[in-house]
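By convention in this document, chain letters (A, B, ...) are assigned in the order of the sequence lines, proteins followed by strands, and residues within each chain are numbered from 1.
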Amino acid sequence: MQVIARPISRDELPADTANLARFLIGKLVLRALPDALAVARIVETEAYLADDAACHAFRGPTPRNRAMFGPPGHAYVYRAYGVCWMLNVTNAAVGVGEAVLIRAAEPLSGLDAMQRHRGDVPTRDLLRGPGRLAGALAIDRSHDGADLCARGALWLGADGGASGIIGSGDIGTSTRIGITRDAHLPLRFYLKGSRFLSGPAALNGQGKPRSGSGHSAPVMFDGDVKGKGRAHDRKADRENPLDR
DNA sequence: ACATAGATTCTCT
DNA sequence: GAGAATCTATGTG
């Protein structure tokens, strides 16, 4: 599959970290592997803020979280539960520790390479969950601090088409997954109707399955990136996406 | 120095 | 649904 992507420049990133988490829904994460360029569309993110007790930076800088205190648009990669790697996008001014966790994505290109890292799992599960995502893209400690705003081993991209037609109405909000402190904050964002979301259905906007259809909403933006493009190129709908 | 909790996932049962 | 695997930072002795 052909995917046309351009890097996202640092000054495009919303300064507010919750807004950045929304902004990244529909954007691309690209990973240059030895044998392939892996591309995936981000469908689920969480924001972690400086005054948020669930944020690793809450108690100040440590060797592990130091990347979060650097400039925006870099990777903060850490090991969770001694098992999985987590990919975050740093944000906020230098000296302020905030970041957006990339929780799930829809695989678009380089699926063979991702399968090689993850074993023989269904395509739907390749990148569904932050640890799986890092595994499929072979992300580890070596990427901690990497610049995500330029083509390299790991970077963020936008394609002219599909990501541009995601409006604020297509993005759901919920509480974050797997945390205990400040767990009530609505800082998780997801692409409504995507099949590639992690977490319980109740957090993904699916009420309890009702009588009747009970079937998944139409999947948006899966399949070929090219040819879905251009509805409107307006980037105006990203102003003030957060309604609070 | 040691114990513990945690932004998780896989493998059983 | 429960347990294991296993790294990092923090709080306590």
Side-chain angles (χ1 to χ4, degrees), chain A residues 16-25 29 40 42-70 72 74-92 96-107 114-146 148 154 156 172-191 195-204 208:
Chain A
D16 180 90
T17 299
N19 283 346
L20 174 63
R22 271 194 183 223
F23 170 84
L24 289 176
I25 300 296
V29 55
I42 297 168
V43 298
E44 182 182 345
T45 61
E46 285 177 357
Y48 287 85
L49 310 181
D51 60 353
D52 159 15
C55 180
H56 288 171
F58 183 61
R59 293 169 190 275
T62 68
R64 179 175 66 154
N65 67 21
R66 142 184 89 75
M68 260 198 288
F69 292 87
H74 292 251
Y76 165 45
V77 179
Y78 74 94
R79 182 83 99 159
Y81 296 98
V83 180
C84 315
W85 296 101
M86 304 275 148
L87 172 64
N88 299 254
V89 181
T90 65
N91 202 43
V96 179
E98 302 198 338
V100 173
L101 171 66
I102 310 299
R103 285 195 56 91
E106 169 177 350
M114 297 186 215
Q115 289 280 7
R116 228 165 291 138
H117 298 128
R118 291 267 304 119
D120 187 21
V121 302
T123 299
R124 177 170 181 256
D125 293 339
L126 269 180
L127 306 168
R128 195 162 60 84
R132 293 165 167 179
L133 184 146
L137 299 179
I139 292 168
D140 59 33
R141 165 58 46 82
S142 70
H143 300 97
D144 190 39
L148 301 177
L154 178 66
L156 295 171
T173 305
S174 81
T175 53
R176 294 171 293 181
I177 293 178
I179 59 169
T180 54
R181 295 171 298 185
D182 279 344
H184 63 285
L185 297 174
L187 292 175
R188 175 175 174 267
F189 303 93
Y190 59 92
L191 179 61
R195 298 168 47 228
F196 299 90
L197 300 175
S198 73
L203 283 189
N204 292 331
K208 306 173 178 174

Could you work out, with side chain to side chain contact (heavy atoms under 4.5 Å, CB included) as the rule, every residue matching A:R116, not counting sequence neighbours?
A:D35, A:D112, A:A113
Which residues pass the side chain to side chain donor-acceptor pair (under 3.5 Å) test with A:T17, sequence neighbours left out?
A:N91, A:E98
Student check: side-chain heavy atoms of A:L126 and A:E106 closer than 4.5 Å
no
Any salt bridge (charged side-chain N to carboxylate O under 4.0 Å, His left out) pairs touching residues 125-136 of chain A, not counting sequence neighbours?
A:D125-A:R128
Go through the structure and list residues passing ring pair (Phe, Tyr, Trp, His ring centres under 6.0 Å) with A:Y78, not counting sequence neighbours.
A:H56, A:Y76
Rounded at 0.5 Å granularity, tell me how far CG in A:D182 sits from CG in A:L49.
9.0 Å
A:R66: what forms a side chain to side chain contact (heavy atoms under 4.5 Å, CB included) with it, not counting sequence neighbours?
none
Under 3.5 Å: donor-acceptor pair, side chain of A:D16, backbone of A:N19
yes
Return a single string for nucleotides 2-13 of chain C, one symbol per nucleotide in 5' to 3' order, where B is base contact, S is sugar-phosphate-only contact and - is none, cutoff 4.0 angstrom on heavy atoms.
---BBBSSSS--
Should A:L127 and A:L137 count as side-chain neighbours, where that means a heavy-atom distance under 4.5 Å?
yes
At what distance, to the nearest 0.5 angstrom, does CD1 of A:I102 lie from CG of A:L156?
6.5 Å
Applying side-chain hydrogen bond (donor to acceptor under 3.5 Å, both in side chains) as the test, list every pair that has at least one member in residues 43-53 of chain A; sequence neighbours left out.
A:E44-A:R103, A:E44-A:R188, A:E44-A:S198, A:E46-A:Y48, A:D52-A:R176
Which value, in whole Å, describes the distance between the P atoms of nucleotides C:dG1 and B:dA7?
23 Å
Students should find this one: the first and last nucleotides of DNA chain B, 5' to 3', lying under 4.0 Å from a heavy atom of chain A. What are they?
B:dG6 to B:dC10
Which of residues 115-128 of chain A sit near DNA chain B, with a heavy atom under 4.0 Å from it?
A:R118
State which residues pass side chain to side chain donor-acceptor pair (under 3.5 Å) with A:S142; sequence neighbours excluded, sorted by chain then number.
A:D140
Hits for side chain to side chain donor-acceptor pair (under 3.5 Å) against A:D144, two or more places apart or cross-chain, chain-then-number order -> none
Could you spell out the base pairing of DNA chain B in dot-bracket, with Watson-Crick or G-U pairs whose two distances are under 3.5 Å, [ ] crossing and | to another strand?
||||||.|||||.
Rounded P spacing from C:dA4 to B:dT4 in Å
15 Å
